[in-house]
Amino acid sequence: MLSIRSRCWLCRQPLQLIQHSICSYCLRHLPAKPLCCPRCALPAGSPLLPCGRCLQQPPPWQRLVFASDYIPPLSQLVKRFKFQHAPELAPTLARLMLLSWLQARRELYLNKPDLILAVPLQAKRCWHRGYNQSDLLAWPLAYWLSCTYRPAALRRIRKTLLQQQLSAGGRRRNLRNAFDCDEQVAGRHIALLDDVVTTGSTVAEIATLLHRQGASSLQIWCICRTL
């Protein structure tokens, strides 16, 4: 009998390379991303130049790299990973993030980060889930890229409401001054990881904090970007 880990997570067919977890056929047939701005990662006319939105009001990071729009099949894997207690999906999803970053690096000449940070969960929410999904994504990426990862560097210093319940403006207000960073980031190139970026409010609040503390550059990495 073949275990679930020897089959593709998407089509359930046996894998030749077990460590990949998604077969080459499914990988080739993932939905194609539209042309997106390299900075905000929203639909734009060029994948190499900042869009008009970013020229007028640039976000507090330099690049946003993602594997897919928040649509099936990856949105289903993300939900399973977060809400159905499937931490074993972390290496699979982290590998998709790595492949997306390697492609973006070739096209956009991205810096390799010195430091990887993960968006923190509230302690109670992390306790209920049993893990912080962004933390589980960060470990294999740090290993594959030989980067430093500091799991406790970012902290939530006050309770916030669930972001899913709020409007874009409400999300920004909800997260204002909600984070702190205990790591020395001055002069360092940083990759900030989250599983899904929707309005960007969470990563924007943390990015602003990191730039205030002297970060040299900041990339946002996520599995899915809501387009």
Side-chain angles (χ1 to χ4, degrees), residues 8-11 15-44 46-51 54 59 61-75 77-78 81 88-119 133-151 185 188-197 200 203 206-207 210 215-227:
C8 173
W9 279 105
L10 297 178
C11 69
L15 288 166
Q16 184 175 6
L17 298 174
I18 294 174
Q19 66 271 26
H20 286 181
S21 302
I22 293 179
C23 70
S24 58
Y25 179 87
C26 287
L27 196 61
R28 288 197 305 271
H29 288 82
L30 289 175
K33 293 185 288 188
L35 293 180
C36 290
C37 169
R39 185 149 189 178
C40 68
L42 291 173
S46 170
L48 302 177
L49 299 172
C51 66
C54 290
W61 60 76
Q62 283 66 53
R63 294 288 183 267
L64 195 156
V65 179
F66 67 105
S68 170
D69 186 5
Y70 192 64
I71 55 174
L74 289 192
S75 61
L77 287 187
V78 170
F81 177 45
E88 62 273 17
L89 272 165
T92 301
L93 297 172
R95 179 173 175 266
L96 294 176
M97 294 171 71
L98 175 68
L99 294 175
S100 299
W101 180 78
L102 290 173
Q103 180 181 356
R105 189 184 194 192
R106 289 192 298 269
E107 295 171 351
L108 301 170
Y109 308 103
L110 301 183
N111 289 322
K112 178 183 169 182
D114 307 315
L115 175 67
I116 290 179
L117 299 175
V119 171
Q133 68 276 3
S134 298
D135 172 70
L136 295 188
L137 295 169
W139 284 109
L141 285 164
Y143 175 76
W144 295 330
L145 292 170
S146 300
C147 295
T148 301
Y149 171 49
R150 295 285 186 256
V185 300
R188 302 174 79 173
H189 300 288
I190 298 171
L192 175 63
L193 268 63
D194 204 358
D195 56 337
V196 178
V197 172
V203 291
I206 297 174
L210 296 175
S216 181
S217 71
L218 184 64
Q219 299 171 32
I220 309 298
W221 298 356
C222 60
I223 306 163
C224 294
R225 170 66 155 131
T226 301
L227 302 179

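- Two residues are said to be in side-chain contact when any heavy atoms from C-beta on lie closer than 4.5 Å; Ser68 and Ile71 meet this criterion.
- The side-chain contact (heavy atoms from CB on, under 4.5 Å) search around Tyr25 returns Cys23, Arg28, His29, not counting sequence neighbours.
- The side-chain hydrogen bond (donor to acceptor under 3.5 Å, both in side chains) test applied to Trp61 returns no partner, not counting sequence neighbours.
- Rounding to the nearest 0.5 Å places CG of Leu96 at 8.0 Å from CD1 of Ile223.
- The distance from atom CD1 of Ile220 to atom CZ of Phe66, rounded to the nearest 0.5 Å, is 13.5 Å.
- In this structure, Met97 and Leu193 have side chains that are in contact, with non-hydrogen atoms separated by less than 4.5 Å.
- Judged purely by atom type and a 3.5 angstrom limit, Gln62 has no side-chain atom pairing as donor or acceptor with the backbone of Gln219.
- Atom CG of Asn111 sits about 11.5 Å away from atom CG of Leu218, to the nearest 0.5 Å.
- In this structure, the separation between SG on Cys8 and CD on Gln16 is 13.5 Å, given to the nearest 0.5 Å.
- Inter-residue side-chain proximity for Leu110 and Val65 is flagged as met; some heavy-atom pair is nearer than 4.5 Å.
- Rounding to the nearest 0.5 angstrom, the gap separating the CG atom in Leu15 from the SG atom in Cys26 is 9.0 Å.
- Trp9 has its side chain within reach of Leu89: a pair of non-hydrogen atoms, C-beta onward, lies under 4.5 Å apart.
- With a 4.5 Å cut-off on side-chain heavy atoms, Arg225 and Val196 do not count as touching.
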Can you check side chain to side chain contact (heavy atoms under 4.5 Å, CB included) on Leu192 and Val119, steps first, answer last?
CA-CA 7 Å; Leu192 175 63; Val119 171; 4.0 Å; yes

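- Judged as a side-chain contact (heavy atoms from CB on, under 4.5 Å), and not counting sequence neighbours, the contacts of Leu145 are Leu98, Trp101, Lys112, Cys147, Trp221.
- Between Arg188 and Ser216, every side-chain heavy-atom pair lies at or beyond the 4.5 Å cut-off.
- Closest non-hydrogen pair, Cys224 versus Cys222, comes out as O-SG, 3.4 Å.
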Please evaluate residues Thr226 and Val197 with respect to the criterion side chain to side chain contact (heavy atoms under 4.5 Å, CB included), reporting the C-alpha separation (whole Å), side-chain torsions for both, the decisive distance (0.1 Å), and the verdict.
CA-CA 6 Å; Thr226 301; Val197 172; over 6 Å; no

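- For Asp195, the salt bridge (Lys or Arg N to Asp or Glu O under 4.0 Å) partners at least two apart in sequence or on another chain are Lys82.
- A 4.5 Å side-chain heavy-atom check between Pro73 and Pro31 finds at least one atom pair inside the cut-off.
- For Trp144, the ring pair (Phe, Tyr, Trp, His ring centres under 6.0 Å) test picks out no residue, with sequence neighbours left out.
- The shortest side-chain heavy-atom distance between Asp114 and Ile190 does not fall under the 4.5 Å cut-off.
- Contacts of Ser100 classified as side-chain hydrogen bond (donor to acceptor under 3.5 Å, both in side chains), with partners at least two apart in sequence or in another chain: none.
- For Tyr149, the ring pair (Phe, Tyr, Trp, His ring centres under 6.0 Å) partners are Trp139, not counting sequence neighbours.
- The side-chain contact (heavy atoms from CB on, under 4.5 Å) test applied to Pro34 returns Cys36, Leu227, not counting sequence neighbours.
- Side-chain atoms of Arg39 come within 3.5 Å of backbone atoms of Pro59 as a donor-acceptor pair (strictly under, hydrogens ignored).
- Counting only distance, with no hydrogens or angles, the side chain of Gln133 and the backbone of Asp194 share no donor-acceptor pair below 3.5 Å.
- Note on residues 133-151: pairs passing salt bridge (Lys or Arg N to Asp or Glu O under 4.0 Å), not counting sequence neighbours, are Arg150-Glu183.
- By the side-chain contact (heavy atoms from CB on, under 4.5 Å) test, Pro91 is found to be paired with no residue, residues two or more places apart in sequence or in another chain being considered.
- The minimum heavy-atom distance linking Pro50 with Cys37 is given by the pair CA-SG, 3.8 Å.
- Taken from CG in Leu27 to OG in Ser21, the straight-line distance is 11.5 Å, to the nearest 0.5 Å.
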